[in-house]
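For reference, the structure discussed in these notes is given below.
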Amino acid sequence: MLDVKMIRENTEKCKKRLALRGKSYDIEIDQILALDDKRKEIIAKVEGMKAQQNKVSKQIPQMKKAGEDTAAIMAEMKKLSEDVKQLDADRTVVEAELQDVLLIVPNVPADEVPAGADDAANPEIRRWGEPVQFDFEPKPHWDIGGDLGVLLPDVAGKVTGSRFHFYRGLGARLERAIISYFLDTHSDEQGGYTEILPPFIANSASMTGTGQLPKFSEQMYQLGREDNDLYLIPTAEVPVTNMYRDEIISNEALPVRYTAYSACFRREAGAAGRDARGLIRQHQFNKVELVNFAAPEDSWNQLEKLTNEAERVLQGLGLPYRVVCLCTGDIGFSAAFTYDIEVWMPSYNRYVEISSCSNFLDYQARRANIRCRDAAGKPQYAHTLNGSGVAVGRTVAAILENYQNVDGSVTIPEALRPYMGVDAIK
RNA sequence: GGAGAAAUACCCAAGUGGUGAAGGGGCUCCCCUGCUAAGGGAGUAGGGCGCGAAAGUGUCGCGAGGGUUCAAAUCCCUCUUUCUCCGCCA
């Protein structure tokens, strides 16, 4: 969430940058400032009264000891106590209202984020590799996998419903190999990440901390009955970032770099008909995530490193990709700046998102109360970053398509052969 | 899932309604001692929020949230976590 002080000092700029996301937040910004004014007014009043309360409460036992009558002063204090209680209640209401508004205002896009309405306006930053030229008609991955018997797209329908997949034989093994390859690569000397295996369920406080709640509850699977507070995670970003909720990270530990595999669960509400076939858009998919906690002055540097780490695994697999910078209309709710990595997908005849690397600045840290210390030793909000490193199902799709052969077989990229034990799926 | 116990600072820990939340360890500084050990003294409750240019100052903090009371670490309620035992289980 945004810093009220920052909003106060940069009101017009905030409004202007937020509006470039495609929706005006002028009303919310004005509400925030008004509620904060009201909050301060109540605090000034009630704390003066509490000081009086404290002072008199210390006198009462002395008076009693001296044998004086305290009935009158106690009656007076009772009245004061009631007024304090009322003002405290008012304050709770105002602060809850303020919090409610703060939680639905997205992060302000960083100055470097280009203005634009949607993904068509995302500038390309760089490309790696060349899209394969096939001398035959390439097939989409669902046909390749289906023909090889390693993907069973129709079976999940009766077990769960659409947008789920069974993998079979070397297909299942390929998914597992990719997870291991990603984790091993990120954890190696060059990657420098520590592996985490988190719970795949998180509570609402955690979901709020990273920005999924309160605004995007319709995108998540909630567990159990109405009184249950648990959700299936949409990304390992949620449990791993929230490891440090309400903590002060010692500065010697920074930057904290974690890589985590998890299954991810998304309802994909509003995505009806999009990417209906294949592994591109699933309700449950696997992902290896990179999560980073950085000192504020270091976070932009860490974003470049993190993005390069995500690119490294695609390079290792020989998959052509490009990096784009998300424009103001396409950037996610909590992010201040995002690079997307898009892998070449022959069946789409274009690049398809396979990783999203973002700097959240202190937006998540303020929500989740994640802090480090400044040069003077005072606590300050840390910066959080994360990126897919990368989406596993989409990697399977990309390998099947980019490494397909005319006879219907798929060559296994060099880097995965130690994990696969075979050099092709036939 | 059932029963019991617990939660106070970096650690241990006292504190059953009343003026500044004991004490010890550790840590920091100082004194003494040619070094070390031992000894002596002082400091050490974080953090949030408010006011203030600042120095400061006020307020809230005893697991969390409510309640009772003029006044709560202390009494009451709800919740969380940890420990022990039982049950169940990969």
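Throughout, protein chains are lettered first and strands after them, A, B, ... in sequence-line order, and every chain is numbered starting at 1.
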Between the protein and nucleotides 66-72 of chain B, list the N/O to N/O atom pairs that are separated by less than 3.5 angstrom.
residue, atom, partner, partner atom, Å
B:rU68, OP2, A:K85, NZ, 3.0
B:rC70, OP2, A:K78, NZ, 2.8
B:rC70, O4', A:M74, O, 3.3
B:rA71, OP1, A:S81, OG, 2.9

Short N/O separations, protein against nucleotides 78-82 of chain B, under 3.5 angstrom:
none

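One P atom belongs to B:rA45, the other to B:rC51, and the distance between them is 27 Å to the nearest Å. Taking the C1' atoms as reference points, B:rG58 lies 40 Å from B:rA5, given to the whole Å. Across the P atoms, B:rG1 and B:rA9 are found 29 Å apart, a figure rounded to whole Å. The gap from the C1' atom of B:rC77 to that of B:rC12 amounts to 31 Å, rounded to the nearest Å. Annotation: B:rU8 and B:rG63 have their P atoms spaced 6 Å apart (nearest Å). Across the C1' atoms, B:rU82 and B:rU69 are found 32 Å apart, a figure rounded to whole Å. Comparing B:rA6 with B:rC88, their P atoms sit 28 Å apart, to the nearest whole Å. The separation of B:rG15 from B:rA22, taken at their P atoms, amounts to 14 Å, rounded to a whole angstrom.
Each of A:S358, A:C357, A:S356 was checked for a side chain to side chain contact (heavy atoms under 4.5 Å, CB included) with A:T307, and the lone residue meeting it is A:C357.
At whole-Å resolution of the value, CG in A:L98 and C1' in B:rC49 are 13 Å apart. Separating the CZ atom of A:R245 from the P atom of B:rG48 is a distance of 18 Å, rounded to the nearest angstrom. What separates CG of A:N203 from P of B:rA64 is a distance of 18 Å, to the nearest Å. Rounded to whole Å, atom P of B:rC49 lies 13 Å from atom CD of A:Q99. Atoms CD (A:Q52) and P (B:rC60) sit 13 Å apart, rounded to a whole Å. Summarising the geometry, the separation between CE on A:M49 and P on B:rG50 is reported as 19 Å, rounded to the nearest angstrom. We find that CG of A:D374 is positioned 14 Å from C1' of B:rG47, with the value rounded to whole Å. One atom, CG of A:D88, and another, P of B:rG58, lie 19 Å apart when rounded to the nearest Å.
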Derivation of the side-chain hydrogen bond (donor to acceptor under 3.5 Å, both in side chains) call for A:R257 and A:Q302: CA-CA 10 Å; A:R257 293 151 65 84; A:Q302 290 301 326; 3.1 Å; yes
Intermediate values then yes/no, side-chain hydrogen bond (donor to acceptor under 3.5 Å, both in side chains), A:S347 and A:K139: CA-CA 7 Å; A:S347 66; A:K139 295 191 288 186; over 6 Å; no
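The phosphate of B:rG58 (OP1 or OP2) has no side-chain N or O of A:N54 nearer than 4.0 angstrom. In this model, the phosphate group of B:rG47 is not approached by any side-chain N or O of A:R371 to a distance below 4.0 Å at OP1 or OP2. Contact check, A:R373 against B:rG47: a side-chain N or O comes under 4.0 Å of OP1 or OP2. For the OP1/OP2 pair of B:rC49 and a distance below 4.0 Å, the side-chain nitrogens and oxygens of A:R39 include no atom meeting the criterion.
Within a 6.0 Å radius of NZ in A:K23, other residues, nucleotides and ligands contribute more than 12 heavy atoms.
A distance of 6.0 Å or more separates the ring centres of A:Y221 and A:Y231. Ring centroid separation for the pair A:Y339 and A:F337 comes in under the 6.0 Å cut-off. Aromatic ring centres of A:F216 and A:F333: separated by under 6.0 Å.
In the set B:rU19, B:rG48, B:rC60, the nucleotide with an atom closest to the side chain of A:K50 is B:rC60.
Positionally, the nearest nucleotide of RNA chain B for A:R91 lies more toward the 5' end than for the other of A:R91 and A:G48. Remark on RNA chain B: of its neighbouring residues A:E95 and A:E47, the 5'-side contact belongs to A:E95, judged by nearest-heavy-atom nucleotide.
At least one side-chain heavy atom of A:K50 sits less than 4.5 Å from a side-chain heavy atom of A:D88. Counting only heavy atoms from C-beta outward, the side chains of A:Q284 and A:T160 never approach each other to under 4.5 Å. Residues A:E342 and A:I354 are not in side-chain contact: their nearest non-hydrogen atoms beyond the backbone lie 4.5 Å or more apart.
A donor-acceptor pair shorter than 3.5 Å cannot be found between the side chains of A:H283 and A:E268. Side-chain atoms of A:D229 and A:N203 form no donor-acceptor pair, as typed in the model, at a separation below 3.5 Å. In the model, A:N301 has a side-chain atom that pairs as donor or acceptor with a side-chain atom of A:D298 under 3.5 Å.
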Pairing pattern in dot-bracket form [Watson-Crick, G-U; both distances under 3.5 Å; | = partner strand] for RNA chain B: ((((((((.[[[..)..(....]]]((((((.......))))))..(((((....)))))..[[[[[..)....]]]]])))))))....
